[in-house]
Number of protein chains: 2
Amino acid sequence: MDNAQKSLATDAPRPYHHGDLWHALVQAGLAILREEGVHGLTLRAVARRAGVSHSAPYRHFADKDALLAAIGEDGFNRLSQGMRAVIESYDGDLVALLHGVAHAYIRFVAENTDHVRVMFSGLLSCFDEYPNLAEAAGRSFQDVVEIMQLCQREGLIAAGDPRQQGFMAWSMVHGLANILIEEGFPVAEKTGLDIQQMTDACVDTLIRGLQSPHNGTQVAANSQHVIS
Amino acid sequence: MDNAQKSLATDAPRPYHHGDLWHALVQAGLAILREEGVHGLTLRAVARRAGVSHSAPYRHFADKDALLAAIGEDGFNRLSQGMRAVIESYDGDLVALLHGVAHAYIRFVAENTDHVRVMFSGLLSCFDEYPNLAEAAGRSFQDVVEIMQLCQREGLIAAGDPRQQGFMAWSMVHGLANILIEEGFPVAEKTGLDIQQMTDACVDTLIRGLQSPHNGTQVAANSQHVIS
DNA sequence: TCCCACATGTTGACAATGACAACATTCTCG
DNA sequence: CGAGAATGTTGTCATTGTCAACATGTGGGA
């Protein structure tokens, strides 16, 4: 029954009854995510932690999914923030920039595993229903696209639609990160590489792969890969 | 109360009381996953569908996670099966083989979204606790590693640890697949590429990226990417 | 062949959860 | 200042995961 934890984050001035519960609930959710993982992230637990009754969250979130969407949005914002910090420290070494951004992504996933599980993993059913969430995710992607454009200008990678290149880059790093967070997944342990090295290897592979344009059958394929 | 659906899959002969409930429960779980998604996958629903009482599953699975592990294991087996079907139809066109395997992976994820969410996405807490699950996942990975070895022999990609190369290949395709299944995720829609083309582009990029060895600073990096 | 131990399945219970309705309080604005 | 909206609370409900106590059918040893 101790309502002691609510300070951090938005230093909003609590205009009336509880203050702005909206932020308090999101913060409580983040704290629970950090301390107990996604399993402990329950609406009632969030309410308890925020010091309100179990039904109060419904005045601010239509249902649990809506809270998850807000938390996911926060996650994308933090992700963008981490990547942008690297971008802003760009000193002319483009390869280092790419490695740095990839490491930022991987580190974010590693240090916020449960947060990431909320952002992806379909806990929140659909991005479409939460415009703010979609926007935040879109901004994260935009960061990557801009890096691709920079790489093209600098001649590090071939010309082409930077969104496609960004999509591929995101896919690779996202896939790596998501495999790494599966505890005991029988891939990571067997490669003999640690996370840092694996990340570097992926980035290098990606850069080389993007150094030629991908105009359809570039590699040489008499593609008969029958699908659907 | 209708206990009408239980036939499909294992045509086991129901030796004694109910038959072998273990398989019936897994099959019921798969059916629910297919029809109602991961949200409807509840222990009691599985029991209902199998025509037994709500507590019967506990004679075969320690808890819900154990059922999820069995379902996940089935998923990895099906994934392997899909990829192996492509491998076995190898006709000498290695590039086509790679494209085919990637498409098999992507298609599996697209057609079994909720099954994949059980396999990954941390619903089952940890691979370590379920050796069978880990083994099935390991076999899937092994398929990819063997393809990498084949690619090395044929000279399509550079020499190197095939497990690392396989890890990268898995990461890329896995990342692509997992982004694609996020409905409304503001990346896929904007690239103007459909799934097939995007998959092909990823494979081509990957092949090119793997055509040179990745001995540390291959691309040229004065790596100052500070991490932890 | 008979009987008992054990595997399997059932019933009942419990706390926790998401969600809703009815009610209480506090703010805002006309 | 006072009505209505915004916000928060209490109470309730069905559902769920899990456990304990009980029932039932199976198979092995006398």
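Here is the naming used below: chain letters follow the sequence lines, and residue numbers restart at 1 for every chain. Keep in mind that this is a model prediction, so the values were computed, not measured.
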> Given atom CG of A:Leu25 and atom C1' of D:dT7, what is their separation to the nearest angstrom?
Replying inline: 12 Å
> Residues in side-chain contact (heavy atoms from CB on, under 4.5 Å) with B:Gln197, at least two apart?
Replying inline: B:Leu193, B:Asp194
>> Between C1' on C:dT8 and NE2 on B:His60, what's the gap in Å once rounded to a whole number?
In response: 6 Å
> Whole Å only: how far is the CZ atom of B:Arg48 from the P atom of D:dT15?
Replying inline: 8 Å
>> Test of understanding: with side-chain contact (heavy atoms from CB on, under 4.5 Å), list the residues that count as partners of B:Ala110, not counting sequence neighbours.
In response: none
>> Rounding to an integer number of Å, can you tell me how far A:Phe61 CZ sits from D:dG8 P?
In response: 11 Å
> Among the nucleotides D:dT16, D:dG17, C:dG9, which one has an atom lying closest to any side-chain atom of B:Lys64?
Replying inline: D:dG17
Please list each protein N or O that sits under 3.5 Å from an N or O in nucleotides 9-12 of chain D, with the distance.
from   : atom 1 : to      : atom 2 : distance (Å)
D:dT9  : OP2    : A:Ser53 : N      : 2.8
D:dT9  : OP2    : A:Ser53 : OG     : 3.0
D:dT9  : O4     : A:Arg59 : NH2    : 3.4
D:dT10 : O4     : A:Ser55 : OG     : 3.3
D:dG11 : O6     : A:His54 : NE2    : 2.7

> Got a sec, which residues hit ring pair (Phe, Tyr, Trp, His ring centres under 6.0 Å) with B:Phe108, two or more places apart in sequence or on another chain?
Replying inline: none
>> Run the side chain to side chain donor-acceptor pair (under 3.5 Å) test against A:Asn112 and tell me which residues pass, sequence neighbours left out.
In response: none
> Rounded to whole angstrom units, what separation is found between the NE2 atom of A:His39 and the P atom of C:dA16?
Replying inline: 13 Å
>> From CG of B:Asp63 over to P of D:dT16, roughly how many Å is that when rounded to an integer?
In response: 17 Å
> Who pairs with B:Val101 by side-chain contact (heavy atoms from CB on, under 4.5 Å), at least two apart in sequence or on another chain?
Replying inline: B:Met83, B:Val86, B:Ile87, B:Leu97, B:Ile147
>> I'd like to know if B:Arg78 pairs up with B:Asp74 as an ion pair, taking the criterion as any Lys NZ or Arg NE/NH1/NH2 lying under 4.0 Å from an Asp or Glu carboxylate oxygen.
In response: yes
> Roughly how many Å is it from CG in A:Asp20 to P in C:dC27, rounded to a whole number?
Replying inline: 15 Å
> Separation of A:Tyr58 atom OH from D:dC13 atom C1', in whole Å?
Replying inline: 12 Å
